[in-house]
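Bear in mind that the values here come from a model prediction, so they are computed numbers and not experimental data. So that the names make sense, note that chain A is the first sequence line, chain B the second, and so on, each numbered from 1.
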Amino acid sequence: MNQEYETRYLKARRAVIAQAFRDLNDSQQQAVLTTEGPLLLLAGAGSGKTTVLVHRIANLMRYGSASDSNEIPDYITEQDVETLEAFLQSGQPATPDIDALCTLHPVNPWNIIAITFTNKAANELKNRLERMLGTAALDVWAMTFHSACCRILRREIDRLGYDARFTIYDTADSERVMKDVCRDLHIDEKTLAPRFILNRISKEKDLQRGPKEVAESAAGSGDYRAELIAKAYAEYQRRLREANALDFDDIILRTVELLQQFDEVREFYQRKFRYILIDEYQDTNNLQYQLAALLAGRWENICVVGDDDQSIYKFRGATIDNILNFEHQFQGAKVIRLEQNYRSTQAILDAANAVIRNNRARKGKKLWTQNPAGERITVYEAMNESAEANFVADRIFSLRKTAEYKDFAVLYRTNAQSNAIERSFKANGIPYRIIGGTRFYDRLEIKDMTAYLCLINNRADDLRLLRIINNPARGIGTKTLEMVQRLASARGVPLYEIISHAGDYPALEKSAGKLLGFSAIIEDCAALLQTSRLPDFYDTLLIKSGYAAMLSQKGDIDSRTRLENIQELRSSLVGYEENHPEDASLAGFLEEVALYTDIEQYDKDADAVVMMTMHAAKGLEFPHVFLVGMEEGLFPSLRCIGEPDEMEEERRLCYVAITRAKQTLCLSFADQRMLYGHTNTNRVSRFVEEIPPELLDRQGMAMPSYMNYGGYGTSPRPGRTENSSRQSWSEAPRQSAPRRTQPPIQSAKAAAPLPKLQPGMMVEHKSFGQGMVISVLPMGNDALLEIAFDRVGTKRLMARTAMAHMSVL
DNA sequence: ATCATAACGCTTTTT
DNA sequence: GCGTTATGAT
């Protein structure tokens, strides 16, 4: 082929590939077609970055490096070039024949790794890949940093002297270990909190400094605390290794060590991962950068996606430097900005841009959209936090003409703020669910049952053994255990080793029977693993351990939920087995449990308002968003005031929160707020003031209050009403699932005067159904009603709020 | 071993 | 103000 044809071929090839991705905008397309070499994608909020990631992988698998290379396969003829050009003229969709002419070294799915931070993001990626590319996409490594590392470790960690069936310790487990370490080393928890030590260890691990290095630098410093921390670090690490356990940091750290120390391991994975994609790059820490750099060492085809304006996890070791330095760390890196937003209205984007503009440490980026201007942003000033909560409830009712409950999200800075909102939602019959707080796998009974599973999987797991050896009670007391511990540490073996041979030790004469009984339970169940399926094995464990029996004997409501929860754990075992038909194993399941946090997907479809922290909302979007508690001292939090760097992180959090909204955004604050038992008076948040006034629609206290409530009354008085309502809404058990079948609640409240309610009257509430008024207690210009509903029992409601959703029969 | 009382915290927390 | 946890008494 002559040069002219070669040029024409390359041009046509690029055009064909670009046509396959014509649904994307120009910069998105560039991001998909730039396959070779390091690439930094600065992807603003709502700019379709997941779409880009998915299409990028599709391009790699379908066309290989063709869109970004001048290499021409030998077999291409002049005839082929003309075929391609004719095809481009025709405007037809591509056929396999055409694609074949445009493909260059197509990439096998198993040569691609896409790393995310959350399981949620990884799952979404997997699903979208499968939808687009079919089952071939399942061979792409689309997973979190931690699960990718675990997968590598299970194959290679024996080189570091660990057993491949290592256990994962979560934060709570680590804390338990550190507490024990502190006790044994006589470290006073008040001068040096275990949490603080763990934090420091985490930082050291991020810098790849082991106990030795830390001890050396502490030794010279004369810093007593630093020396203690070094000692605690060494002991902590010793115990983890003894128990064949890794904490979250170790999972990454050990992988990095393997790749650094063993040439053949590094070469294997470098060769394997020809293309590397990393999401949320602004949230990576040093260790994760090291990992990425090691994996990308051979091909340097590394594409990272991030947004410096959305970096909100610095407090956990994430360093924005990774994104700011990317171009230095990877020579010849290209940068592509994705700035078109497909999510929000212009007003919302303007507000977000106005806020983030006040930060100095930025790469600089301005979001724009073709979406309509939308409504102005509502700012509501409430008297106190319950008035704020009632306002949110009211606004949800009035927007419900055009939206479902699940279209709303209430975001707050701290979990503690959810209480006031929750109370108001319960009182108004608004279904809701709270994301965050206690995770399923953090519950007592689940931790107990997984402790059994962990011990069966890894007999060296002393931590889990101590948790369950006398739970349920087996008459194995502290004295016996002390003796076992002494014997074990003298011999340098795990506790279980002593327990399973209790008969050999005269010192354990009295309790040998009980100890052997325990080890018999473990061994019997473990034997079952060879022959039975996991759920059946679990059923036996429930019986043999006596755990289920213990709960059903108690019989109170609490124990009932616990029984249900341990059954729920069985369901996850069944689910796990279904997802891993080839390689289901106890170790694999436990890994999933340890690394898996979101159970949100459980009732994703439930029509309920979502409540969560602003941090948890990252990556999500909702038509209508409330940001509550927009007050100085709360958001931005007190600790950031006077700390410029932390204030910038706080502002980024605000930016993240604002950009979650698609259609409407409502900011609210309270003049007085009760939090942690104190009432505070706060000024409105600076973030609200940073938004140009013309974008805002101010409501609430600033104007006479009768204007806000359809022509009557004021909002409830602070203090009294709130106190009187506090004790009344306790009937719903905590963490109860939201009502699934909620009767539709219509329209806003009518602007009618308060009808005179009297005990004995029958009412119909739109959420609670029929009920009888039991008592009416006047309160300021409102009243507290006590109503016995047929379906949901007795509730106390404030008349003014309740009458909007209720009629007298 | 089990219950009661005191004491302590209390941003955010993808893993 | 509230919920969890550590410690001591029975």
Side-chain angles (χ1 to χ4, degrees), chain A residues 115-124 143-150 168-176 179 183 189-190 193 195 198-199 202 246-253 279-280 282-285 287-288 310-318 385 411-420 435-439 441-442 444 470-480 591-598 600 612-620 629 633-641 646 649-650 652-654 656-657 673-679 722-723 726-727 730 734:
Chain A
I115 310 180
T116 64
F117 267 81
T118 63
N119 293 298
K120 204 196 291 162
N123 284 334
E124 193 186 330
M143 50 182 91
T144 64
F145 270 104
H146 292 264
S147 34
C149 285
C150 274
I168 298 167
Y169 278 5
D170 67 18
T171 330
D173 297 327
S174 299
E175 221 166 289
R176 182 71 260 161
K179 273 188 180 158
R183 189 169 33 77
E189 295 195 9
K190 286 190 187 73
R195 266 222 180 121
L198 284 171
N199 253 322
S202 180
L246 303 181
D247 66 18
F248 285 143
D249 294 318
D250 286 338
I251 292 173
I252 316 280
L253 176 60
D279 197 8
E280 306 281 17
Q282 74 281 355
D283 290 334
T284 49
N285 61 21
L287 214 45
Q288 286 158 337
Q310 290 192 67
S311 156
I312 54 173
Y313 285 107
K314 206 179 94 198
F315 71 96
R316 295 185 64 222
E385 77 275 5
L411 310 182
Y412 33 77
R413 180 66 240 267
T414 67
N415 279 310
Q417 287 168 259
S418 68
N419 279 329
I435 311 286
T438 355
R439 305 176 322 183
Y441 292 114
D442 278 345
L444 205 72
N470 201 33
N471 179 12
R474 300 189 176 90
I476 301 171
T478 33
K479 268 206 283 181
T480 312
E591 180 176 312
E592 234 169 61
V593 169
L595 299 179
Y596 208 82
T597 43
D598 40 36
E600 291 104 78
M612 65 182 110
T613 64
M614 298 179 188
H615 280 92
K618 183 151 148 217
L620 305 176
L634 241 193
F635 187 47
S637 131
L638 203 55
R639 336 175 84 131
C640 307
I641 294 173
E646 291 189 42
E649 173 137 324
E650 203 79 345
R652 290 193 290 271
L653 181 59
C654 186
V656 168
R673 176 175 304 270
M674 172 112 85
L675 206 63
Y676 303 131
H678 302 287
T679 303
E722 193 210 331
N723 285 342
R726 176 144 290 154
Q727 63 259 45
S730 50
R734 241 193 114 42

What is the separation between atom CD on A/Q417 and atom P on B/dT11, rounded to the nearest whole Å?
12 Å
Return the value, rounded to whole Å, for the distance between atom CG of A/D170 and atom C1' of B/dT13.
13 Å
Span that lies between the P atom of B/dT12 and that of C/dT5, in whole angstrom
16 Å
Could you please name the option among B/dT13, B/dT11, B/dA1 that lies closest to any side-chain atom of A/A616?
B/dT13
Given B/dT13, C/dA6, B/dT11, the nucleotide with the shortest approach to the side chain of A/H615:
B/dT13
Please check the phosphate of B/dT11 (OP1 and OP2 only) for any side-chain N or O of A/T613 closer than 4.0 Å.
no
Closest nucleotide among B/dT11, C/dA6, B/dT13 to the A/K179 side chain:
C/dA6
Would you please confirm or rule out a distance under 4.0 Å between OP1 or OP2 of B/dA1 and any side-chain N or O of A/N470?
yes
A/T414 side chain: which of C/dG1, B/dT13, B/dT11 is closest?
B/dT11
Identify whether the glycosidic angle of B/dT11 places it syn (within 90° of 0) or anti.
syn
Should A/N415 be listed as having a side-chain N or O under 4.0 Å from OP1 or OP2 of B/dC10?
no
Would you say A/R195 has more than 12 foreign heavy atoms packed within less than 6.0 Å of its CZ?
no
Return the nearest nucleotide to the side chain of A/A473; candidates are B/dT2, B/dT13, B/dT11.
B/dT2
Can you check the A/N199 CG to B/dT12 C1' distance for me, whole Å?
13 Å
In whole Å, I'd like the distance from the CG atom of A/N419 to the P atom of C/dC2.
9 Å
Residue-phosphate contact under 4.0 Å: A/R413 side-chain N/O, B/dT12 OP1/OP2:
no
Would you mind reading off the distance between A/Q282 atom CD and B/dT12 atom P, rounded to a whole angstrom?
21 Å
Within the structure provided, determine whether A/K120 and A/L620 are in side-chain contact (heavy-atom separation under 4.5 Å).
yes
For A/F315 and B/dT12, are the ring centres under 5.5 Å apart with planes inclined under 30°?
yes
Atom-pair distance (CG on A/N471; C1' on B/dA1), nearest Å
13 Å
Residue pair A/T171/A/E650 against DNA chain B: nearer the 5' end by closest nucleotide is A/E650
Quick one: A/R195 CZ to B/dT11 P, roughly how many Å, whole number?
10 Å
